[in-house]
Each structure stands twice: as structure tokens, then as C-alpha cells.
2 protein chains.
Amino acid sequence: MEQNKIPQATAKRLPLYYRFLNNLQSQGKTRVSSKELSEAVKVDSATIRRDFSYFGALGKKGYGYNVEYLLGFFRKTLDQDELTEVALIGVGNLGTAFLKYNFMKNNNTKIVMAFDADEEKANTEMGGVPIYSIDDLEEKINGVKVAILTIPASEADGITDRLVRNGIGGILNFTPARITVPDHVRVHHIDLAVELQALVYFLKHYPLVEQ
Amino acid sequence: MEQNKIPQATAKRLPLYYRFLNNLQSQGKTRVSSKELSEAVKVDSATIRRDFSYFGALGKKGYGYNVEYLLGFFRKTLDQDELTEVALIGVGNLGTAFLKYNFMKNNNTKIVMAFDADEEKANTEMGGVPIYSIDDLEEKINGVKVAILTIPASEADGITDRLVRNGIGGILNFTPARITVPDHVRVHHIDLAVELQALVYFLKHYPLVEQ
DNA sequence: TTGAATATGTGAAACTAATCACGACATTTC
DNA sequence: GAAATGTCGTGATTAGTTTCACATATTCAA
């Protein structure tokens, strides 16, 4: 809650920087300039310097940034020391992809439980994560603040209401439905069909222009 | 190539509008106001009116928009009449989700072939889409302009180069790698781990603020 | 036919973000 | 230790996007 002045655009790039710095460190690099970083993450170097500057003077003129220092700083800032528990709702194709994806690699975010309407899947597990019946949502979810929604659009509103009533704070919504939530709940929409259509639109209408 | 003046932010919302208008039509609704639309897609009504206005005066004062007219207009604008063929690279968990997802529903985008490095998967099919060996990429891809990349990050650069050499124009990149492409190729990155981390960051640092 | 209600389209303002460009300082080289 | 080089941090500028607010046109009910 400290730094409400950090632009959202900056905040969205932080995880990207963090992951790349991790790579650098495991390669044994000790210093990096905004120019090098820029080439790797495809963000303008001035933007990177500006982004970092919101957190204070993290670099050294004429030298660049110390990888270890920067990494330690971001670890704290991105709450990497604290594990965030996530619930996955809907173990279909996309949900399965999430369960098998190893989120722990550079990332202190972990799916700790999953739910599905299919009673065949209930009380099994996948990738070490227990799968419960959606009927047991209220009973099991207790305390988890973030949910990934990978269910059919028709179910989205009903499930969202139940999540909200059980204290969820953030939803990563992969359904095409634009769900309605109270102001204190944050939703990020990722709509795969829209992303693909938007790409196709840009290809046809914005030739040779970088995004 | 007609309207280069349309803001990218607007272009990204068009598929969303399009899908919702489709829903309205199948519900038999003939008119809709920017306010109703706003509630459904969670975009400010003034923004919707502004977005539509880039294409001319599509509505009527005191009435709103005619659903059928608007839909017909967008169909043309979003190239819905023309099928865009897509290749899927990498039939892992996420790739499988794409293959089984029915993109044709509101959407003239279709995955027409898939590739995988696993020889077990080669020359099979899934969801009606043929899967080829990645070794046959050059031989088979011929003419397809859009690719979805759902492969391990370590493979991303190599495969991207091969795609680019074979005339790809757009890539929807789900790998964490920030791939390097020539200026005439458009890449949209969707990084699931970053999206989740960004959501968690916002939850902790921007309480009660909508995105 | 009239008047109240409705809802667009848009100029202007506000907000948000990206980029330029350069002073200041650290490092490296000779 | 002086000069050349490199790189940050940031004021200023530019670009892009959203939102306000209202004149204008249309609809609808009586």
C-alpha cells in the first residue's frame, strides 16, 4: 500500500523485469545496463529507467544496475517472499494447462486447489493439486484470495458471485463473459478469442507498425 | 489499410463489441444504447460512443444503435467474412486447450494445422486439426500468416526464426520469451505467469482501485 | 402536435504513459 | 590523474486515451 504513485503500466512490467533479472543472475552476470535490459525485454531503455526510478535510485551512473541488488529489491517489492495461494475454477483443457504449468519457478504464486463440476474429477488430483467438487467451493476455499476462472462463460456469473461472497479479492478471468463484481474485487480479463481477433485486425489494418 | 487513424486501444475493443452484438442479435434484440452496451462489456459508455464514432455516425440520437446494422458494419470491418487461417505450434497442455476450443463460434479465425516436436503426436489429429512433426514446418505451413506459439521458452527463438523465414505475419506468443522479429512481423505477448503476478501485485498495492 | 425524455457525437479537458535529451557522475583507459 | 566514455535519473515534451458535458436530433406518450 506504500507507493500508490507507481503507474499501472509500470506495475505490469515489473514481473517481466523480475524474471529476466533472475535469468541474468543464474547466468552469473553481476551488472546490467538499461540498454541491455531493453533489448532483452523489448521495452525502451528510457522507459525502463523511468520505471526503476519510481522506486528510487537503484542504479549507478556510468555503471548500470547491480543484478543482485536489483533482484533483491524487486523480490521484496513484488512480494516474492510471500506465497500467494490461488484457486483454479474449472479443470477443462485450459485449466489443466494451468495445473501442469509450474508457477513456482520464478514466482511465488501457487495453485493450491482446483474445482470442477464434473463429479468424475472431484476428489482426484492433478500436478499435486487436489481437485474438489464445485459444490464444495464454500467449504474448501476459505482464505484463498485469488482465483483463476477457466469455466464455460455461462457459469461465470454464478461462480463469480459465490467467489465474491467467500471473500475473493482478485480474479483472472479467462471466460469471454465480462463478469460483474463489487468495487473491492479486481478482475483481469484475458480473452483468448479476442486476443487472436485483435492480432488479425492489426495485421490487416496496421501494416509494418510495431505495437 | 483504410483507417490508420483508429487508436489501437479502440481496435482492441472491437472484437469484444462484436461478440456482444452477436449475443444481442441471437436474443432477438434490435436496438441497443451505449449505456446498455457499457454495462455488458464493462467499458465506459462515452468510450464506446467515441470508439464507434471513428467509423462514422453509426447510431441515431435519442434511439441508440440498430443491432443488425452495427453488426453488419463490424462484420466487414473486422474481416469476419474472410477466414483467417492459423497454425498452432506446440500441442502441450495449453496448445491442446486451443485445439479443442471452438474458435469458429463468433469468429472467422481457424486453426488449420498444428505442429509438435513429439513424434508420437505427429500425423495424428485433434479436434479435427491435423498435427504434423515440427520437422515438416517448412513443407506444410505454406501460406498461413498467423501462428500461436505454445512451446517451451527455450524453443521460442528458433521456431520464431523459422516462422519468419516462411512468411508468417503475426504471432500470438504464449511463451515467456520475448522473441525478436523483423519490423514487418507483429507479435502479441500473453504471458500467463506475468498476468497472474501482475494481478497479485495490484491486489496488494492498489486496494479498491478499478483497472 | 407538443413537450418531456432519451441518447448520440464530439470539442475540450483531464489523465496516463512514452520518449527525448541532457546534466551529472562513475568508470575505464592511457 | 586527466580525458574519454558510459549510463543513470529526470525535467520537459509529446503522444495516446479516457472522460466530461452539452448541443443537437430523435423518439415516445398523451
Side-chain angles (χ1 to χ4, degrees), chain A residues 3-14 16-17 21 24 29-70 73-74 178 183 189 198 201-202 205-206 209-211, chain B residues 3-14 16-17 21 24 29-67 69-70 73-74 178 189 198 201-202 205-206 209-211:
Chain A
Q3 288 286 38
N4 269 36
K5 295 113 194 172
I6 290 158
Q8 303 212 356
T10 296
K12 284 189 178 172
R13 283 187 292 265
L14 297 182
L16 195 60
Y17 298 148
L21 288 169
L24 280 185
K29 285 206 66 161
T30 59
R31 70 184 260 192
V32 66
S33 69
S34 61
K35 190 150 162 275
E36 287 172 273
L37 221 43
S38 170
E39 279 152 24
V41 299
K42 308 279 190 284
V43 172
D44 186 87
S45 66
T47 301
I48 292 177
R49 292 199 300 281
R50 173 82 61 197
D51 283 347
F52 288 179
S53 78
Y54 291 116
F55 299 99
L58 302 176
K60 240 189 227 175
K61 302 187 178 188
Y63 175 89
Y65 299 90
N66 179 290
V67 172
E68 194 170 325
Y69 176 75
L70 207 52
F73 186 85
F74 278 125
R178 295 279 152 155
D183 277 354
H189 296 277
Y201 182 84
F202 280 123
H205 298 268
Y206 295 77
V209 180
E210 269 300 287
Q211 189 240 6
Chain B
Q3 288 286 37
N4 270 38
K5 294 115 194 172
I6 290 159
Q8 302 214 356
T10 296
K12 285 189 178 172
R13 283 186 293 264
L14 297 182
L16 195 61
Y17 298 147
L21 288 169
L24 280 185
K29 286 208 64 162
T30 59
R31 69 182 262 192
V32 66
S33 69
S34 61
K35 189 151 164 275
E36 285 173 273
L37 222 41
S38 170
E39 278 152 25
V41 300
K42 308 281 191 281
V43 172
D44 186 88
S45 67
T47 301
I48 292 177
R49 292 198 300 281
R50 174 83 61 195
D51 284 346
F52 288 0
S53 78
Y54 291 116
F55 300 98
L58 302 177
K60 238 189 227 173
K61 302 189 177 189
Y63 176 88
Y65 300 90
N66 178 290
V67 172
Y69 176 75
L70 206 52
F73 185 85
F74 278 125
R178 293 279 151 155
H189 297 277
Y201 182 83
F202 280 123
H205 297 269
Y206 295 78
V209 181
E210 269 301 284
Q211 191 239 6

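Predicted model, so just to flag it, every value in this text is computed and none were measured. Just so it is clear: chains get the letters A, B, ... in the order the sequence lines come, proteins before strands, and each one is counted from 1.
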**OP:** Please say whether more than 12 non-hydrogen atoms of neighbouring residues, nucleotides or ligands are located less than 6.0 Å from NZ in B:Lys35.
**Re:** no

**OP:** Using a 4.0 Å heavy-atom cut-off across all strands, classify A:Tyr65 as base, sugar-phosphate, or nothing.
**Re:** sugar-phosphate

Subject >> Between C1' of C:dA7 and CG of B:Leu58, the distance in whole Å >> reply: 14 Å

Subject >> Parallel, tilted or perpendicular: ring planes of B:Tyr17 versus B:Phe74, cut at 30 and 60 degrees >> reply: tilted

Original post:
Hey, does A:Ser45 reach any base, or is it just sugar-phosphate, or nothing, if we go heavy atoms under 4.0 Å?
Top reply: nothing

Original post:
Roughly how many Å is it from NZ in A:Lys61 to P in C:dA26, rounded to a whole number?
Top reply: 8 Å

Subject >> Whole-Å gap separating C1' (D:dC8) and CG (A:Asn66) >> reply: 15 Å

**OP:** Would you kindly give the CD-to-P distance between B:Glu36 and C:dT8, to the nearest whole Å?
**Re:** 9 Å

Subject >> Closest listed nucleotide, where the reference is the side chain of B:Ser53 and the choices are C:dA7, C:dG9, D:dG9 >> reply: C:dG9

Provide a list of protein-nucleic acid N or O atom pairs under 3.5 angstrom, restricted to nucleotides 28-30 of chain C.
residue : atom : partner : partner atom : Å
C:dT28  : OP1  : A:Arg31 : NH1          : 3.4

Subject >> Between D:dT7 (P) and A:Leu70 (CG): distance, integer Å >> reply: 15 Å

Original post:
Should B:Ile6 and A:Tyr201 count as side-chain neighbours, where that means a heavy-atom distance under 4.5 Å?
Top reply: yes

Subject >> Pair B:Thr47-B:Arg50, side chain to side chain contact (heavy atoms under 4.5 Å, CB included): steps then yes or no >> reply: CA-CA 5 Å; B:Thr47 301; B:Arg50 174 83 61 195; 5.6 Å; no

**OP:** Please round to the nearest 0.5 Å and tell me the distance separating atom CD of A:Glu36 and atom CG of A:Leu24.
**Re:** 7.5 Å

Original post:
Do the side chains of B:Phe52 and B:Leu37 get nearer than 4.5 Å, heavy atoms only?
Top reply: yes

**OP:** Dump the intermediate steps for side chain to side chain contact (heavy atoms under 4.5 Å, CB included) on A:Phe55 and A:Leu14, then the final yes or no.
**Re:** CA-CA 11 Å; A:Phe55 299 99; A:Leu14 297 182; 3.7 Å; yes

**OP:** Drop me the distance from A:Ser34's OG to A:Ile48's CD1, to the nearest 0.5 angstrom.
**Re:** 6.5 Å

Original post:
Could you give the NZ-to-P distance, from B:Lys35 to C:dA5, as a whole number of Å?
Top reply: 15 Å

**OP:** State whether B:Ser34 places a side-chain N or O below 4.0 Å from either non-bridging phosphate oxygen (OP1 or OP2) of C:dA7.
**Re:** no

Original post:
Do any side-chain nitrogens or oxygens of A:Lys60 fall under 4.0 Å of OP1 or OP2 in C:dT27?
Top reply: yes

**OP:** Working to the nearest 0.5 Å, report the span between CG of A:Asn66 and NZ of A:Lys60.
**Re:** 8.0 Å

Please enumerate all protein N or O atoms sitting under 3.5 Å from an N or O of nucleotides 16-20 of chain D, with distances to 0.1 Å.
residue : atom : partner : partner atom : Å
D:dT17  : OP1  : B:Ala9  : N            : 3.4
D:dT18  : OP1  : B:Arg13 : NH1          : 2.9
D:dT18  : OP2  : B:Arg13 : NH1          : 3.3
D:dT18  : OP2  : B:Arg13 : NH2          : 2.7
D:dT19  : OP2  : B:Thr47 : OG1          : 3.3
D:dT19  : O4   : B:Arg50 : NE           : 3.3
D:dT19  : O4   : B:Arg50 : NH2          : 2.7

